[in-house]
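Whatever order the structure lists them in is the order used to number ligands and atoms, beginning at 1. By convention here, the first residue in the shown sequence is residue 1.
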Amino acid sequence: MRNLFVRLLIHCQPIAPHDLWEEFKEAMSADFALNFSKDIAIKKSYREICRLLENEDKDIKDFPTMPQDLSFDDDYDTYDPIHDEAIGIHMRSTANPEQENVIDKVIKVACDENAQNDEGTCFYIDGPGGSGKTYIYKTLWHLLRSLGKKVSTMAFTGIAAILLPEGRTNHKTLGLPVPIYTDSNSSIKPNTKQAKNLIETDVFIWDEAPMAPKYALEIMDRLLRDLTKIEKPFGGKILLLGGDFRQLLPVRKNGTRSECVSLSIKYSNLWGLFKTFKLYRNMRADANEIEFAKYLLDIGEGKVNDENDNMEFPGEFIVETDLAQEVYGTLIQQNRFDEVSNSAILSARNADVDELNKEVVEMLDPSNERVYTSIDNAIDGEALQELITQEYLNSLNPPSLPPHELCLRKNTLLAY
Ligand SMILES: Nc1ncnc2c1ncn2[C@@H]1O[C@H](COP(=O)(O)OP(=O)(O)OP(=O)(O)O)[C@@H](O)[C@H]1O
């Protein structure tokens with residue numbers, strides 16, 4: 001909802017955005033309200049909206065009727081150490097032994113400078129999908145904050161960053177340029193608010209690190225050394241990277257396989273500083289899915305490929321009939337709507353997602369169908385309106401926005 005509100009602010013010029021905020025601020029804070037009091041949840045939600053605006057080079061000051069009270073800013077760092085401690089301790093108590101080991105090591109190093117000499121300050125969690133990396137980041141985030149440490153969580157893509165508590169992109173946190181080259185530098189200047197934040201941060205947590213080109217890591221090292229004036233790796237800050245090299249590596253347009261591989265953080269001179277922790281258990285898999293989890297891991301490690309790099313799926317993985325029918329048909333026919341959200345179809349292409357969504361909605365009762373259409377027009381002058389036709393705008397399907405024509409029937413599941 002906050003994303004939608006920000007889109008409305010930026011693109012729809014609402015006459016009274018403050019009224020919208022007042023009316024929907026509780027709904028927009030519902031996620032924070034799970035962990036914080038109503039007042040703090042609303043303030044955090046407001047701060048988050050300011051951050052989303054900043055990500056798009058806008059400022060809340062561009063919307064003068066919205067509350068401009070600076071105490072909202074001061075409250076950004078409002079945290080409740082007792083609450084953090086309770087969550088952190090609970091999560092730590094249910095961590096598996098490998099997770100416990102990482103959590104304890106990072107806490108020890110963050111709280112004891114002598115331990116930094118023994119253990120170093122750079123760590124990498126190597127774990128396949130579902131092995132509980134994010135669980136570790138969240139536990140550490142709560143525990144470290146309860147100990148008065150400042151933690152910054154980040155990831156190379158926005159989608160990965162939103163899974164982390166107060167996660168931001170590496171670009172935002174470190175002022176990385178786009179694209180990044182070997183001689184690129186951060187845009188963060190000394191004596192700015194961003195620089196101060198970095199200097200004050202004790203622990204950086206960086207998820208999906210294998211996706212980032214090694215230059216990002218190198219820029220971070222140079223930046224933190226410059227800002228802290230401490231000639232130690234990353235200015236002496238604790239850095240916890242995590243990810244899975246079996247998943248996405250950095251992408252270089254038209255790059256050869258070896259060019260892409262050599263962009264990996266593993267090929268950075270800094271990689272030798274990182275102490276690796278391995279996670280093995282798939283915490284996402286149910287007891288009856290252990291075999292499947294193992295099979296997925298074997299695929300990731302290339303063990304299932306034949307000599308030509310092809311692989312054959314076991315027959316039980318293949319749906320020969322209609323996929324949407326296979327997954328949702330029986331549930332919908334038997335009116336088991338509360339079970340529908342337990343299943344999902346993943347697809348690599350948005351166009352296929354739209355097709356599949358359409359097909360599933362068409363299985364539902366058509367008698368109460370509603371179609372919602374967007375109203376699109378170019379805002380910058382008449383000349384532009386002629387060039388950019390409404391039909392063209394209607395055909396665009398940008399991420400984070402519903403399609404131009406949204407068709408809903410009763411019991412349609414919506415995820416935003
Ligand atoms: N120790 C634990 N106790 C209870 N649940 C856990 C534990 N560790 C992980 N989980 C749960 O297992 C699931 C997968 O964990 P998590 O998302 O942390 O894995 P991940 O390694 O970050 O996965 P991915 O690489 O796909 O992002 C989550 O639902 C998480 O809450």
Ignoring hydrogens and angles, write down the donor-acceptor pairs under 3.5 Å from the side chains of residues 293-304, residues two or more places apart or on other chains.
from	atom 1	to	atom 2	distance (Å)
Lys294	NZ	Asp298	OD2	3.1
Tyr295	OH	Glu312	O	3.4
Glu301	OE1	Lys303	NZ	3.2
Glu301	OE2	Arg246	NE	3.3
Glu301	OE2	Arg246	NH2	3.2

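Lys150 and Asn197 share a side-chain donor-acceptor pair at under 3.5 Å.
Residue pairs that meet the salt bridge (charged side-chain N to carboxylate O under 4.0 Å, His left out) test with at least one member in residues 263-276, sequence neighbours left out, are Glu119-Lys275. Within the structure, ring pair (Phe, Tyr, Trp, His ring centres under 6.0 Å) contacts touching residues 170-193 (residues at least two apart or in different chains) are Phe156-His171.
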With the criterion set at N/O pairs under 3.5 Å, what does the list of contacts between the protein and ligand 1 look like, atom names and distances included?
from	atom 1	to	atom 2	distance (Å)
ligand 1	1 (N)	Thr94	O	2.9
ligand 1	1 (N)	Gln99	OE1	2.9
ligand 1	8 (N)	Gln99	NE2	3.0
ligand 1	12 (O)	Met283	O	3.4
ligand 1	17 (O)	Arg284	NH2	3.4
ligand 1	18 (O)	Thr134	N	3.1
ligand 1	18 (O)	Tyr135	N	2.9
ligand 1	19 (O)	Gly132	N	3.1
ligand 1	21 (O)	Ser131	N	3.2
ligand 1	21 (O)	Gly132	N	3.1
ligand 1	21 (O)	Lys133	N	3.0
ligand 1	21 (O)	Lys133	NZ	2.8
ligand 1	22 (O)	Thr134	N	2.9
ligand 1	22 (O)	Thr134	OG1	2.5
ligand 1	23 (O)	Gly130	N	2.8
ligand 1	23 (O)	Arg284	NH2	3.3
ligand 1	25 (O)	Lys133	NZ	2.8
ligand 1	26 (O)	Gly130	N	3.4
ligand 1	26 (O)	Arg284	NH1	3.1
ligand 1	26 (O)	Arg284	NH2	3.3

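Ring geometry for Phe274 against Trp271 counts as parallel: the plane angle stays under 30°, on a 0 to 90° scale with 60° as the upper cut.
A salt bridge links Asp221 with Arg225: at least one charged nitrogen is closer than 4.0 Å to a carboxylate oxygen.
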